[in-house]
Trainee: 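Mind having a look at this structure? Questions to follow.
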Protein chains: 2
Amino acid sequence: MQSVMAKKNVSEILRKKGISVTTQRIEILKYLMQTKTHPTVEDIYLQIHSTFASLSRATVYNTVMAFKEVGLVQEITIEKEKARYDGNFEAHPHFFCRTCQKVYDLGAEVKLTYPHEKYKVESEQIYLYGVCEYCR
Amino acid sequence: MQSVMAKKNVSEILRKKGISVTTQRIEILKYLMQTKTHPTVEDIYLQIHSTFASLSRATVYNTVMAFKEVGLVQEITIEKEKARYDGNFEAHPHFFCRTCQKVYDLGAEVKLTYPHEKYKVESEQIYLYGVCEYCR
DNA sequence: ATGATTGCAAAATGTTTGCATTCGT
DNA sequence: ACGAATGCAAACATTTTGCAATCAT
């Protein structure tokens, strides 16, 4: 029954992360937490701009960078053309369909095991490529 | 003793892949098979252009795309800014150092396990992020 | 009040495209 | 000889930057 995250909850998340709370950031975070489409900056801009006309692309760029730094979003570079953003910060693999160009989440069934030796790993991304079930 | 791959061998690889053999392709493939730096298009262009002045950036773009299609290189999108190319086509993880911005190969100690269910996986990329041993 | 954020425009970067010339087979 | 590959310039897409106006605390 809680279809869309309330403005208050989103503000609280921003406050807890120690970054200042603006209307733009609230709107962008609400959108990112609610969608599973892995939107690009342009996607985010077009979506929010349609109901909040003053939003600029520069602010979307600033905002996703700020969110990435405090750990509110993951940056998905599964295609070389453009970055996508995922409001789910938990590590999980992504699948790119080369037919419909959509990015899907994969779950815990994909597992990565490695010894932390020479490298101090801070984050990881697993990208799988192929054709999704709908396009086959 | 075989420091640099001979022109003949490289030509043979191209011929076996069924793509036509040009001087530019020979030079680019020789370079990609010999380096472990995961060069960008600009890196490849600058390196080869220094001794082969007529090479153009457009040809480097065309060539890495052709190589990718026939399975001679992997495209590494570990950074959103630019793609890198790896002449080692075997699946292996990559590590990106956020300090020196270099990309390192990781070996078989990193393992990915998953069931092929809904998605027909054709290729995979594993990217790890952190600080390398030299930068720490 | 003051420093951070925003919006706009310009610039920078990486990549793609169109087309005439050259090359590989 | 013919289709493919090359080189150049222009176009395009994404991202970054500079700066004045506005907003958050």
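Residue numbers start from 1 in every chain, and the chains themselves are labelled A, B, ... in the order their sequence lines are given, proteins ahead of strands.
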Trainee: How do A:Asn62 and A:Gln24 order along DNA chain D: which one's closest nucleotide is nearer the 5' end?
Mentor: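 Checking each residue's closest nucleotide, the 5'-ward one belongs to A:Asn62.
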
Trainee: Reading DNA chain C in the 5' to 3' direction, which nucleotide is the first one with an atom under 4.0 Å from a heavy atom of chain B, and which is the last?
Mentor: C:dG14 to C:dT25

Trainee: Could you check which residues of residues 78-88 of chain B get a heavy atom under 4.0 Å from DNA chain C? Sort them by number, please.
Mentor: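 Close to the strand are B:Glu81, B:Lys82, B:Ala83.
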
Trainee: State yes or no: are the ring centers of B:Tyr127 and A:Tyr127 separated by less than 6.0 Å?
Mentor: yes

Trainee: Are B:Arg25 and B:Phe67 close enough, and set up right, to give a side-chain contact (heavy atoms from CB on, under 4.5 Å), and what steps lead you there?
Mentor: CA-CA 9 Å; B:Arg25 288 179 174 182; B:Phe67 286 2; 4.1 Å; yes

Trainee: Quick check: are there more than 12 heavy atoms from other residues, nucleotides or ligands sitting under 6.0 Å from CD of A:Glu90?
Mentor: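 Open: at most 12 neighbouring heavy atoms sit under 6.0 Å from CD of A:Glu90.
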
Trainee: Between A:Val60 and B:Tyr61, name the one whose nearest nucleotide on DNA chain C is closer to the 5' end.
Mentor: A:Val60

Trainee: Run the salt bridge (Lys or Arg N to Asp or Glu O under 4.0 Å) check on B:Glu133 and A:Lys120 step by step: do they pass?
Mentor: CA-CA 8 Å; B:Glu133 60 181 327; A:Lys120 182 182 146 200; over 6 Å; no

Trainee: Angle between the end axes of the helix from C:dA1-D:dT25 to C:dT25-D:dA1, five pairs per end, to the nearest 10 degrees?
Mentor: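 Taking the rotation axis at each end, their angle is 50°.
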
Trainee: Please test B:Ile13 against B:Met33 for side-chain contact (heavy atoms from CB on, under 4.5 Å), starting from the C-alpha separation and ending with a verdict.
Mentor: CA-CA 11 Å; B:Ile13 292 170; B:Met33 295 186 78; 3.8 Å; yes

Trainee: If I take atom OG from residue B:Ser11 and atom NZ from residue B:Lys16, how far apart are they, to the nearest 0.5 angstrom?
Mentor: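 One gets 12.0 Å once the value is rounded to the nearest 0.5 Å.
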
Trainee: B:Thr40 vs B:Asp43, test: side-chain hydrogen bond (donor to acceptor under 3.5 Å, both in side chains). Steps then yes/no.
Mentor: CA-CA 5 Å; B:Thr40 63; B:Asp43 294 336; 3.1 Å; yes

Trainee: With heavy atoms of chain B within less than 4.0 Å as the criterion, where does contact along DNA chain D begin and end?
Mentor: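 It runs D:dA4 to D:dT16.
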
Trainee: Look up atom CD1 in A:Ile44 and atom CD in A:Glu27, then write down how far apart they are to the nearest 0.5 Å.
Mentor: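 The distance works out to 12.5 Å.
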
Trainee: Do side-chain atoms of A:Thr77 reach the backbone of B:Thr77 as a donor and acceptor pair under 3.5 angstrom?
Mentor: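 Yes; judged by distance alone, with no hydrogens or angles, the pair exists.
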
Trainee: Select from B:Val21 and A:Thr22 the residue whose nearest nucleotide in DNA chain C is closer to the 5' end of that strand.
Mentor: A:Thr22

Trainee: Is there a residue in residues 36-56 of chain A whose heavy atoms reach under 4.0 Å of DNA chain C, and which residues are they?
Mentor: A:Ser54, A:Leu55, A:Ser56

Trainee: Are A:Phe95 and A:Val131 linked, directly or through other ILVMFWY residues, by side chains that come within less than 4.5 angstrom of each other?
Mentor: no

Trainee: Does B:Glu75 have any salt bridge (charged side-chain N to carboxylate O under 4.0 Å, His left out) partners at least two apart in sequence or in another chain, and if so, which?
Mentor: A:Lys80, B:Lys68

Trainee: Could you tell me how the ring of B:His38 sits relative to the ring of B:His92: parallel (under 30°), tilted (30 to 60°) or perpendicular (over 60°)?
Mentor: tilted

Trainee: Looking at A:Glu122, I want to see if its CD is surrounded by more than 12 non-hydrogen atoms of other residues, nucleotides or ligands under 6.0 Å.
Mentor: yes

Trainee: Please round to the nearest 0.5 Å and tell me the distance separating atom CD of B:Glu124 and atom CG of A:Leu128.
Mentor: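 So the gap between those two atoms works out to 6.0 Å.
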
Trainee: Any base atoms under 4.0 Å from B:Arg57, or only sugar-phosphate, or nothing? Heavy atoms, all strands.
Mentor: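 Result for B:Arg57 = nothing.
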
Trainee: Taking atom CZ of A:Phe52 as the centre, report whether more than 12 heavy atoms of other residues, nucleotides or ligands fall under 6.0 Å from it.
Mentor: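 Yes - once you tally the heavy atoms of other residues, nucleotides and ligands closer than 6.0 Å, there are more than 12.
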
